[in-house]
Amino acid sequence: MVVLRAGLCPGLTEDMIQLLRANGIRTVVDFVSSDLEDVAQKCSLSYKALVAVRRVLLAQFSAFPANGADLYEELKSSTAILPTGSPSLDQLLDSGLYTGEVTELMGAPGSGKTQVCLGIAASVSLGLKQHVLFLDSTGGFTASRLYQMLRAQTEDEEEQARQVLGRLGLCFVLQLEALQRIQVVRAFSIYELLRALQELRDRLSQQVVSSMGPLKMVVLDSVSAVIYPLLGGRQSEGLALMMQLSRELKTLAREFSLAVVVTNQVTRDSSTGPLKPALGRSWSFVPSTRVLLESREGTWEKATTQRAASLAKSPRQPTGIQVELDIG
Amino acid sequence: MQREVGTLPLAPALRARLAAAGFQTAQELLDTGPCGLSKEIGISREEALEALQVVRRECHGNAARTAGGSGATRKCTALELLEEEQTQGFIITFCSALDNILGGGVQLTKITEICGAPGVGKTQLCMQLAVDVQIPECFGGVAGEAVFIDTEGSFMVDRVVDIAAACVQHCHLIAEAQQEEDHRKALETFSLENILSHIYYFRCRDYTELLAQVYLLPEFLSEHSKVRLVVIDGIAFPFRHDFEDLSLRTRLLNGLAQQLIIIANDHKSAVVLTNQMTTRIGQSQSTLVPALGESWGHAATVRLIFHWDNSQRLATLYKSPSQKESTIAYHITCHGFRDVQPPAVTHSTEGTELNPRKRPRTEEERQ
């Protein structure tokens, strides 16, 4: 819905725009979909000029169809699969997180969503040496826990390092480097979040070689914390903002080949109903993969680090597969 | 700056008009200018000017503000956060078992929620924390002030006097034992009157007052920059009775949670909330769960559940980003919140037979 403005294309002058506007043609869509002979008569403009302008506008603003085979080749070369660091979770996700897609983790409070996100960030940063952007909207990001996970993951490497290089400080350096590759942004409201995503997009599209480095993953914990205060009631702007956010996330994933991981809450219809993902039906179309995390025991009286992850939605695997996870 | 018009924080009516007029990106708005904008959409010049100021602040403000300040996006690497966390203090509770399972005490910059049945000690812990936050740094405290927002009217000043007196005496004992200069200097300012004068008390009678108070809190905190603890005693009370529209309640609670997180983060203070318990009726048995619903469970970063086991009070760490779930026993004495003293022989054997994690009601049902 771009407004017609002088200079948008060579044939379009200010007088032309005024005449068109007087006849109710304000945007590119209006212009391109109108009958040009009619317009030429009403606005007393030359038919040839109008046709030339239309051709340029169509070339500038329409989408190009792509060949399926070309699309497949492009996807093969640009998609990467990032292992999550937990073999059972990888098995659930068909060998890992796919770039170019949005994956969602949902669960009740205390079910381990933030822990799994930290584990994935640690694994990608340490194992693959890629940069990770962690968008924290709940204040649950604890760097000391992340450091603990990194130490646990470098325990095996420590043995090898000692044998091969005889240097004990190597694993410490590895951990520090891994920590530096994870950038944390705290965005506690929807506008801050959108602003942070916009900044990321600008930075990536300008290809500024900064400390950011090759970004491969964006983790958003959690999306429902920023959207929930806006939904419901009589105003519909909450839904609009939610869809804007989903568009930003999906374009980021697709254009820059990132894996986007999002966490979500679960709610109940009534106090006895089954658990269902929050944010409703509109949001359920946004992630391509959905994983539900549950703790083994139903109540808070038994403490355990075992969690059950089940696949609720996936484009590749059959739904309903369940695996065991240990978030300890 | 290709920021979409839909993502800018403008009024919804204005956004709808901009979309209908065909504006897509923020750059187009800035190019048009206030006069052109007011003509195209049909709003007054002042409104157009205001809207453009908001847009300009959103798009260009970041470049100027990346040096710091709370308005800019809060960006840092995990390494910097780790260094920050390691130098951050904790607010101790005087019960070493509870401090241990919390990882050192109540953490700053996080929201801690305490749920429990009536009479189990939630308000006692809040009052203890309001005194403990003021302990000087040389004794291991954070030397801050406290804000106490009371919705239930359960704040008893004479009880706080008892707790504060015991705390001051404890610090005197430490100073005498260690005989250091800064201890003695700190003790000059750490007196009963000082402690009481640094607890800022607010009384909110219904949810509107509570929301208004939390909305005005950032201003108050910027004037009193030494505040390190915000306690809201009874966040469930104003929202539980007399609320017909449940979806409005969820919206308000979630908005409140986000505001509290922003306060905790920007002012480096701990936020402590107390919640009530409600019964969830399942297929075969009923359980006590924290009130205010499923979505509220996500608001707090750390969740503590206080419950009874016969006559012993227990605290369970249910949700934490860095500590394992565990249960400990605690005691409330005339001096405040304390550890359980090593029990007599008969009492301990009794305690180990009945598994302290199981609530008596469940056991009765099972029997």
Side-chain angles (χ1 to χ4, degrees), chain A residues 1-3 26-27 108-110 114-115 134 138-148 176 179-180 182-189 191-192 194-196 198-199 202 222 224-226 228-229 231-233 235 237 240-241 244 265-268 271-272 278 299-305 328, chain B residues 1-4 6-9 12 15 19 21-24 28 58 62 73-79 81-82 84-86 109-111 247-248 250-251 254-255 257-258 261-262 264-265 280-282 287 289 294-295 297-298 301 303 305 316 318-319 321-322 324-327 357-359 362:
Chain A
M1 275 261 280
V2 183
V3 177
R26 308 196 58 218
T27 65
T114 312
Q115 299 297 308
F134 201 105
T138 54
F141 182 86
T142 321
S144 30
R145 176 73 179 130
L146 182 65
Y147 186 52
Q148 213 179 23
L176 282 189
L179 279 176
Q180 275 180 321
I182 302 176
Q183 197 177 57
V184 180
V185 174
R186 297 202 148 120
F188 298 126
S189 83
Y191 295 114
E192 288 178 28
L194 287 166
R195 196 196 306 165
Q198 182 66 50
E199 273 178 25
D202 287 337
S222 75
S224 41
V226 287
Y228 246 142
L231 285 183
Q235 87 277 50
E237 68 158 4
L241 282 169
Q244 282 281 357
Q265 300 172 5
V266 284
T267 64
R268 276 174 211 273
S271 60
T272 49
T299 65
W300 45 264
E301 287 149 7
K302 279 233 167 82
T304 165
T305 53
Chain B
M1 250 279 180
Q2 293 303 306
R3 182 86 181 263
E4 296 238 357
T7 65
L8 295 167
R15 255 209 300 257
F23 289 100
Q24 269 197 321
E28 283 176 23
E58 275 293 309
N62 285 311
T73 42
R74 309 164 180 89
K75 267 199 296 211
C76 42
T77 63
L79 189 60
L81 273 183
L82 184 65
E84 235 180 77
E85 276 180 27
Q86 282 174 343
T109 76
K110 298 239 188 294
I111 298 187
S247 65
L248 174 67
T250 316
R251 240 183 8 261
N254 279 294
Q258 290 305 109
I261 293 186
I262 294 180
N265 219 273
R280 181 183 301 153
I281 304 173
T287 46
V289 294
E294 283 283 339
S295 56
H298 298 270
T301 322
R303 207 173 216 192
I305 301 187
T316 305
Y318 178 61
K319 177 185 175 196
S322 53
K324 270 211 173 75
E325 292 179 17
S326 38
T327 307
R357 287 191 192 169
K358 290 225 190 294
R359 277 181 52 250
T362 333

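Lettering follows sequence order; numbering is per chain, from 1.
Between chain A and the residues B/Leu248, B/Ile111, B/Leu82, B/Thr250, the largest count of heavy-atom pairs under 4.5 Å involves B/Leu82. Looking only at heavy-atom pairs under 4.5 Å with chain A, the residue among B/Pro321, B/Ala264, B/Ser322 that has the most is B/Pro321. Comparing B/Lys110, B/Gln258, B/Arg15 by heavy-atom pairs within less than 4.5 Å of chain A, the highest count is held by B/Gln258. Each of A/Val266, A/Thr142, A/Val226 has some count of heavy-atom pairs under 4.5 Å with chain B, and the biggest count is that of A/Thr142.
In this structure a side-chain-to-backbone donor-acceptor pair under 3.5 Å is missing from A/Gln180 to B/Ala78.
For the pair A/Ser144 and B/Glu85, the tightest heavy-atom approach, listed with the atom from each and the gap, is OG-OE1, 2.8 Å. In terms of heavy-atom proximity, B/His298 sits nearest to A/Ala108 at CE1-C, 3.8 Å. Shortest non-hydrogen contact noted between B/Gly297 and A/Pro109 is O-CB, 3.4 Å.
Contact of A/Leu146 with chain B is made through the side chain alone, with heavy-atom distances under 4.5 Å. Contacts between B/Thr301 and chain A at a heavy-atom distance below 4.5 Å involve the side chain alone, from C-beta outward. When heavy atoms are compared at a cutoff of 4.5 Å, A/Ile182 approaches chain B by way of both its backbone and its side chain. For A/Gln265, the parts lying under 4.5 angstrom from a heavy atom of chain B are both the backbone and the side chain. Heavy atoms of A/Ala240 lying under 4.5 Å from chain B are absent altogether. In this structure, chain B has heavy atoms under 4.5 Å from both the backbone and the side chain of A/Phe141.
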message: As a quick check of understanding, evaluate side chain to side chain contact (heavy atoms under 4.5 Å, CB included) for A/Arg186 and B/Leu81, giving each step before the final call.
response: CA-CA 11 Å; A/Arg186 297 202 148 120; B/Leu81 273 183; 3.6 Å; yes

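Take B/Ile262 and apply the side chain to side chain contact (heavy atoms under 4.5 Å, CB included) test, not counting sequence neighbours, and it matches A/Phe188, B/Arg74, B/Asp266.
Side-chain contact between A/Leu179 and B/Thr77 is absent, with no heavy-atom pair separated by less than 4.5 Å.
Atoms CG and CD, from B/Leu79 and A/Gln183 in turn, are 12.5 Å apart once rounded to the nearest 0.5 Å. Separation of atoms OH (A/Tyr228) and OG (B/Ser247) is listed at 10.5 Å; rounding is to 0.5 Å.
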